[in-house]
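Worksheet for the structure shown next.
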Amino acid sequence: MEKEKIMSILEGAFDKGREAIPGGAVATYIPELGKADKNNLGLSICTKYGEHYNIGDTTTRFTIQSISKIISLALALEHMGVEKVFAKVGMEPSGEAFNSLVELDLNSNKPFNPMINSGALTVSSLLLPEFTFEQMTDYTRKVCLDPEIAINEAVFQSEMSHISRNRAIAYLLESKGIIETDVEGSLELYTKMCSLNVTAESLSNFGMILATGGINPKTGERVISGRTVAIIKTIMLTCGMYDGSGEFAVRVGIPTKSGVGGGLLSVVDDRMGIGVYGPSLDEKGNCIAGRPLLQHLSEELGLHIFNRSRF
Ligand code: GLU
């Protein structure tokens, strides 16, 4: 398909996303996130050949929030192995909100999956004795091909002063013997990772590396092992959009991870990475522009994981 045709499809998708913005709201439970401009929208695509297509606010910096959960999970899987990580955290969609502790308290002895806060805090507790935050930031820069990634101190401080719920989850995890390292250190590491500033373009780069099975096509370097990449993409498809993951998988069919900063990272296997920035969120905490935007792309470009023809 020629570039012009692709750009006109991207513009159509962007318009669909923009129409949905008024129906959502920026996150305010972390007060600093409430300062974001609800009308911002960026769409960045990086193909497996390293070509970029950018529309809108693709260089605006915003905090990665829960998209960091896949970076921490990748690092944990690479260094500790699959069995050790999944002994502590499950692989099942939860059907619960991202910050729920109900199921964990009542029915389970491990968090449902590494994409909800209880699971991600558990992964952070595994990483804490092995890695410094600086090393994890470097890893994030490497997988996002973005050397400018750094912590947003204002968002970090803002979340740390409104951390009661995550702290409750972390101590519940300790009481169940799931967190065995320093609880406060695990909370801080998790929150710092959520506070890294990225752009839609950095997310599309990371998505592209996941799409290629872990190789940076620009250098030929293997950045992540194929086994880890396969696990990450599967968990993105089943759990990446919280309790909206099932409907998103049916309608869009592109493995995606969201963050309450407004970011979305999507992977079209063997084709492209997609990064979206739109801080107006739906009631589940996902970028509200994301679904119509990505559904349009999926249908027009044939990107659904189980239907690669155009609808
Ligand atoms: N730092 C956020 C929290 O723990 C991340 C949530 C998200 O992006 O979904 O509440």
Side-chain angles (χ1 to χ4, degrees), residues 24-36 61-73 89 93-102 104 111-125 127 133 136-137 140 151-173 179 183-198 200 202-203 206 235-236 239-245 248 256-266 275-291:
V26 296
T28 49
Y29 78 100
I30 300 171
E32 195 64 25
L33 293 183
K35 295 181 180 168
R61 295 243 162 222
F62 60 93
T63 51
I64 188 169
Q65 298 299 337
S66 278
I67 303 168
S68 67
K69 291 170 180 169
I70 58 178
I71 296 174
S72 297
L73 178 63
V89 57
S94 75
E96 298 284 332
F98 69 93
N99 57 1
S100 176
L101 42 70
V102 177
L104 178 65
F112 268 83
N113 65 68
M115 300 294 106
I116 54 176
N117 288 9
S118 53
L121 285 161
T122 303
V123 171
S124 287
S125 77
L127 291 168
F133 169 63
M136 289 178 62
T137 305
T140 308
I151 191 167
N152 181 324
E153 270 297 331
V155 172
F156 170 63
Q157 294 301 341
S158 181
E159 183 161 12
M160 284 310 284
S161 49
H162 293 78
I163 199 84
S164 303
R165 192 174 179 91
N166 282 344
R167 180 169 280 132
I169 294 171
Y171 279 99
L172 179 62
L173 290 164
I179 288 192
V183 180
E184 291 297 325
S186 305
L187 256 179
E188 189 178 299
L189 182 60
Y190 164 80
T191 311
K192 280 186 167 165
M193 286 301 290
C194 285
S195 305
L196 289 175
N197 258 339
V198 292
S202 3
L203 296 181
F206 183 27
I235 289 190
M236 284 169 71
C239 312
M241 301 295 277
Y242 301 122
D243 42 334
S245 299
F248 192 88
T256 298
K257 180 73 203 90
S258 63
V260 292
L264 292 174
L265 181 155
S266 304
V276 174
Y277 170 54
S280 181
L281 307 181
D282 65 18
E283 70 288 350
K284 296 183 193 295
N286 298 319
C287 163
I288 199 163
R291 216 205 48 217

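Start at 1 and go down the list; that is how both ligands and their atoms are numbered.
K69 places a side-chain N or O within 3.5 Å of a backbone atom of M115 that can act as its donor or acceptor partner. N286 places no side-chain N or O within 3.5 Å of a backbone atom of S258 that could act as its donor or acceptor partner.
With values rounded to the nearest 0.5 angstrom, T122 atom OG1 is found 9.5 Å from I169 atom CD1.
With a 4.0 Å heavy-atom cut-off, ligand 1 is reached by no atom of I67. Using a 4.0 Å cut-off between heavy atoms, C194 contacts ligand 1 through its side chain alone, with no backbone atom that close. With a 4.0 Å cut-off on non-hydrogen atoms, V260 touches ligand 1 through its backbone as well as its side chain.
Given atom 1 (N) of ligand 1, the protein heavy atom at minimum distance is Q65 OE1, 2.6 Å. In terms of protein heavy-atom proximity, atom 4 (O) of ligand 1 is nearest to Y190 OH, 2.7 Å. Among protein heavy atoms, atom 9 (O) of ligand 1 sits closest to Y242 OH, 2.4 Å.
Here the side chains of F156 and E188 are in contact, with some heavy-atom distance below 4.5 Å. Using a 4.5 Å heavy-atom cutoff, the side chains of S158 and L33 are not in contact. Residues R165 and N117 have side chains not in contact (no heavy-atom distance under 4.5 Å, counting atoms from C-beta outward). With contacts defined as side-chain heavy-atom distances shorter than 4.5 Å, the pair T137/L196 qualifies.
Near Y29, with a cut-off below 4.0 Å to any heavy atom, the atoms of ligand 1 are 2 (C), 3 (C), 5 (C), 6 (C), 10 (O). Listed by number with element, the atoms of ligand 1 under 4.0 Å from a non-hydrogen atom of G259 are 8 (O). Annotation for ligand 1: atoms under 4.0 Å from non-hydrogen atoms of E159 are 1 (N), 2 (C), 3 (C), 4 (O), 10 (O).
Between F98 and Y242, the two ring planes are tilted [angle within 30° to 60°].
Comparing S258, S195, G263, S66 against atom 6 (C) of ligand 1, the shortest heavy-atom distance belongs to S66.
The shell of residues lying under 4.0 angstrom from ligand 1, judged by heavy atoms, includes N166.
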